[in-house]
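This chain uses plain numbering: 1 for the first residue, then up along the sequence. Remember, it's a predicted structure, so these values are computed and weren't measured experimentally. Excluded from the calculations below are hydrogen atoms, water molecules and symmetry mates; all remaining heavy atoms, backbone and side chain alike, are included.
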Amino acid sequence: MGQSIAMSVQQHSELELLGIWQRGQDLNELVAAADVVIDFSLPEGTELVLETVVRHGKPLVCGVSGLNERQLAQLVGASREVPLLFDRNMSLGIAILERSVQEAAASLGADFAVQVSEVHHVHKKDAPSGTALKLGEAIASSRGETGTGAVQFEVKRRGEVPGDHEVTMTSTTERLTFAHSVTTRQVFVDGALAAAAWIIGKAPGRYSMQDVLFSHPNS
Ligand SMILES: NC(=O)c1ccc[n+]([C@@H]2O[C@H](COP(=O)([O-])OP(=O)(O)OC[C@H]3O[C@@H](n4cnc5c(N)ncnc54)[C@H](OP(=O)(O)O)[C@@H]3O)[C@@H](O)[C@H]2O)c1
């Protein structure tokens, strides 16, 4: 993701790539000079990124999945100091899917059993995927449940699959299915760059792709 984002930034004449942070390098200098920081490392890297953006008061777009509770708490703390967009999926399609399943789950009620299935490439480190958990949390909250509530997860790892998610809602008499497939990971890159452009100048707070895609342009 980091390499793809760097390549895309270079293709946008209105964007300038100040640098790419690599393990072992000092992050302070880079962050101090940047208008916005994009983090697609792994949870351990995110801890240092959060600390550094807060130190320098810079906006952050973070797409890292698999953060533990302590890291999520650190992220929430950082969002009180700087504008921080955290989303475990940067695609428009998943944002629409999230809204749709939330609405469906709220209308159908708890009689319907919900399952979120995901298929990803074999290199993926976290399971279930951050997107599956995000969908599960959205569904559970719309039914008044905490965390991922009674949502069941199914995880498969196969080849180089960029990301398939399917949500099924089943009663004893019918089944409703929602599905989303990523055809290229460029969708995440485009989303991250749109988020980065959007968050510059925003007030400190926690934002998501729902804010980028569905909020009023002047808000
Ligand atoms: N939100 C979204 O839409 C979305 C989409 C795709 C992926 N993701 C998430 O984004 C993250 C990255 O995905 P990926 O597929 O690009 O993973 P990846 O290929 O494993 O790349 C992770 C990168 O982070 C670096 N890194 C890891 N730990 C670090 C640390 N402690 N300090 C500095 N750098 C560190 C790695 O450096 P080394 O090479 O030195 O190990 C590597 O360059 C994952 O959490 C993934 O789930 C999110």
Side-chain angles (χ1 to χ4, degrees), residues 1-9 11 20 38-46 49 60-68 71-72 75 84-105 114-142 147-149 151-170 175-199 207-214:
M1 284 301 298
Q3 286 173 2
S4 306
I5 288 170
M7 268 165 53
S8 272
V9 169
Q11 284 156 13
I20 305 170
I38 302 178
D39 177 21
F40 275 84
S41 59
L42 293 176
E44 195 191 310
T46 299
V49 171
L60 172 67
V61 172
C62 177
V64 176
S65 57
L67 299 180
N68 63 29
Q71 291 156 339
L72 278 171
L75 186 139
L84 198 161
L85 187 145
F86 172 63
D87 208 308
R88 291 165 285 182
N89 194 302
M90 300 280 170
S91 81
L92 171 63
I94 284 289
I96 304 275
L97 181 69
E98 183 181 353
R99 286 194 153 197
S100 307
V101 295
Q102 224 171 351
E103 200 180 314
V114 179
Q115 176 167 293
V116 180
S117 311
E118 56 110 334
V119 187
H120 275 91
H121 52 87
V122 294
H123 317 286
K124 186 157 182 63
K125 299 215 165 84
D126 52 318
S129 68
T131 306
L133 292 172
K134 160 184 152 94
L135 293 170
E137 286 162 15
I139 292 162
S141 84
S142 75
T148 54
V151 174
Q152 300 286 314
F153 294 92
E154 184 186 62
V155 174
K156 288 186 185 149
R157 296 287 171 259
R158 196 167 58 231
E160 297 300 329
V161 177
D164 292 347
H165 290 88
E166 191 173 284
V167 179
T168 53
M169 300 183 183
T170 315
R175 183 170 66 236
L176 193 57
T177 305
F178 302 81
H180 177 266
S181 288
V182 170
T183 52
T184 152
R185 276 158 68 93
Q186 184 63 32
V187 72
F188 305 133
V189 174
D190 295 344
L193 293 184
W198 179 88
I199 204 167
Y207 303 98
S208 75
M209 285 308 282
Q210 298 278 340
D211 298 303
V212 179
L213 299 165
F214 305 118

*asked:* I'd like to know whether Val161 forms a side-chain contact (heavy atoms from CB on, under 4.5 Å) with Lys156, so could you lay out the CA-CA distance, the side-chain angles of the two residues, the decisive distance to 0.1 Å, and finally the verdict.
replied: CA-CA 10 Å; Val161 177; Lys156 288 186 185 149; over 6 Å; no
*Would you mind telling me which of Thr183, Asp190, Thr184 makes a side-chain hydrogen bond (donor to acceptor under 3.5 Å, both in side chains) with Gln186?*
Asp190
*Test item: Val61 and Trp198 side chains (from C-beta on) under 4.5 Å apart, heavy atoms*: no
_Exercise: identify the closest heavy-atom pair between Phe153 and Ala132_ = CE2-O, 3.3 Å
*Report the residue from Arg185, His123, His120 that forms a side-chain hydrogen bond (donor to acceptor under 3.5 Å, both in side chains) with Glu160.*
His123
*Approximate separation, where rounding is to 0.5 Å, of Glu98 CD and Ser142 OG*: 10.5 Å
*State the OG1-NE2 distance between Thr131 and His165, to the nearest 0.5 angstrom.*
4.0 Å
_Considering all heavy atoms, the nearest Ser8-Val189 contact_ = OG-CG1, 3.4 Å
*How far does CZ of Phe188 sit from CG of Leu193, to the nearest 0.5 angstrom?*
13.5 Å
*Identify the two heavy atoms, one from Phe214 and one from Ala95, that lie closest to each other, and give their separation to 0.1 Å.*
CE1-CB, 3.9 Å
*Just wondering, do Cys62 and Val49 contact through their side chains at under 4.5 Å, heavy atoms?*
no
*asked:* I need the minimum non-hydrogen distance between Ala192 and Ile5, along with the two atoms involved.
replied: CB-CD1, 4.2 Å
*Atom CG of Leu84 and atom OG of Ser208: how far apart are they, to the nearest 0.5 Å?*
11.5 Å
*asked:* So, using side chain to side chain contact (heavy atoms under 4.5 Å, CB included) as the criterion, who are the partners of Ala127 when residues are at least two apart?
replied: Val155, Arg157
*Salt-bridge contact Lys124-Glu118 (side-chain N to carboxylate O under 4.0 Å)*: no
_Residues, nucleotides or ligands: over 12 heavy atoms within 6.0 Å of Glu103 CD_ = no
*What residue among Asp39, Ile199, Ile38 forms side chain to side chain contact (heavy atoms under 4.5 Å, CB included) with Leu60?*
Asp39
*From Ile94 CD1 over to His180 NE2, what is the distance, rounded to the nearest 0.5 angstrom?*
4.5 Å
*Does the side chain of Gln102 reach to within under 4.5 Å of the side chain of Ile139, using non-hydrogen atoms?*
no
*asked:* Does Glu154 have more than 12 heavy atoms from other residues, nucleotides or ligands lying within 6.0 Å of its CD?
replied: yes
*Which is it for Leu67 and Phe86 under the side-chain contact (heavy atoms from CB on, under 4.5 Å) test, yes or no, and what are the steps along the way?*
CA-CA 11 Å; Leu67 299 180; Phe86 172 63; 3.8 Å; yes
*Considering non-hydrogen atoms only, spot the tightest contact between Asp164 and Ser181 and give its length.*
OD1-OG, 3.1 Å
*asked:* Test your reading of the model: is there a side-chain donor-acceptor pair from Asp87 to the backbone of Met209, 3.5 Å cut-off?
replied: yes
_Heavy-atom closest contact (Ala104 atom, Met169 atom, distance)_ = CB-SD, 3.9 Å
*Check whether any side-chain N or O of Gln71 sits under 3.5 Å from a backbone N or O of Asn68 as a donor-acceptor pair, and report yes or no.*
yes
*Using side-chain hydrogen bond (donor to acceptor under 3.5 Å, both in side chains) as the criterion, list what pairs up with Glu166, not counting sequence neighbours.*
none
